[in-house]
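Following: one structure in structure tokens, then a few remarks.
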Amino acid sequence: MADIHVEEFYKDAAIALVQLYNAFPRRINLFVEDIAGPDEPDEFGLHSKRHMACFGALLWLEDEGLLRYVDTIRQEALDQAVLTRDAFVRLSMPACPGLLALLESLAPQDQTVLPPSVRHDLSTHVHLIRSALRSGRSATITQVMQGTFFGTETAAKPRNRGDH
């Protein structure tokens, strides 16, 4: 059984990275509500666990060197967030063959008839993330994000028992 909080983390991270990539190199305010959905603080002004998990995912992305920001806006947003160079390069890179096979299963098409520049764009991590988010399938989002974060083909396919 999947850990729901980990699947939500991957989805939150995917949405945040795509938002930042779409605005790159501009700095933007990254709102938790735009990623995790609306949240009503309780009578004490505390946010839900879901809201705080999303906020935590954004802070983790910064801790891991994937984004920078100037300040937080309470626990509502990151102020003036932007992708780091490493994150931009990673998202712009072609994905490994295992993840590309996953992409083909999401949007089957004969890519050999496409121009090389289009084929390159369709093979990038950011395109895979967008496709996974459009699919709405948690398992697909998880696989794509693991491949993006960890850069291994094992994220796209399970290992055999004999593999080390």
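Worth saying up front: this structure is predicted, and the values here are computed from it rather than measured. Throughout, numbering of the chain's residues begins at 1 and tracks the sequence.
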For this session: Measure the CG-CD distance between Leu128 and Gln143 for me, rounded to the nearest 0.5 Å.
Result: 11.0 Å
Problem set entry | salt bridge (Lys or Arg N to Asp or Glu O under 4.0 Å) against Glu76, all qualifying residues, sequence neighbours excluded | none
Problem set entry | Side-chain heavy atoms of Phe88 within contact of Thr84, under 4.5 Å | no
Seminar exercise, completed: Sorted by chain and number, sequence neighbours left out, side-chain contact (heavy atoms from CB on, under 4.5 Å) with Asp63 holds for none
For this session: Using ring pair (Phe, Tyr, Trp, His ring centres under 6.0 Å) as the criterion, list what pairs up with Tyr69, not counting sequence neighbours.
Result: none
For this session: For Ser48, enumerate each residue passing the side-chain hydrogen bond (donor to acceptor under 3.5 Å, both in side chains) test, keeping only those at least two apart in sequence or located in another chain.
Result: Asp39
Exercise. Does Phe44 sit in a hydrophobic cluster with other residues, and if so which ones, taking ILVMFWY side chains as linked at heavy-atom separations under 4.5 Å, directly or through other members?
Worked result: Leu46
Exercise. Measuring from Leu67:CG to Asp86:CG, what's the distance to the nearest 0.5 Å?
Worked result: 12.0 Å
Mind listing the side-chain donor-acceptor pairs of residues 10-33 below 3.5 Å, one per line with the distance, residues two or more places apart or on another chain?
unit_1	atom_1	unit_2	atom_2	d
Asp12	OD1	Arg50	NH2	2.6
Asp12	OD2	Arg50	NH1	2.8
Asp12	OD2	Arg50	NH2	3.3
Tyr21	OH	Ser92	OG	3.4
Asn22	OD1	Arg130	NH2	2.6
Asn22	ND2	Val18	O	3.3
Arg27	NH1	Gln80	O	2.9
Asn29	OD1	Gln80	N	3.0

Exercise. Once you round to the nearest 0.5 Å, how far does CD of Gln75 lie from NE2 of His51?
Worked result: 6.5 Å
Seminar exercise, completed: Here the gap from Arg137 atom CZ to Thr142 atom OG1, rounded to the nearest 0.5 Å, amounts to 12.0 Å
Problem set entry | Inter-residue atom distance Ile141.CD1 - Ile129.CD1, 0.5 Å rounding | 10.0 Å
For this session: Would you give the length of the straight line joining atom CE of Met145 to atom OG1 of Thr140, rounded to the nearest 0.5 angstrom?
Result: 13.0 Å
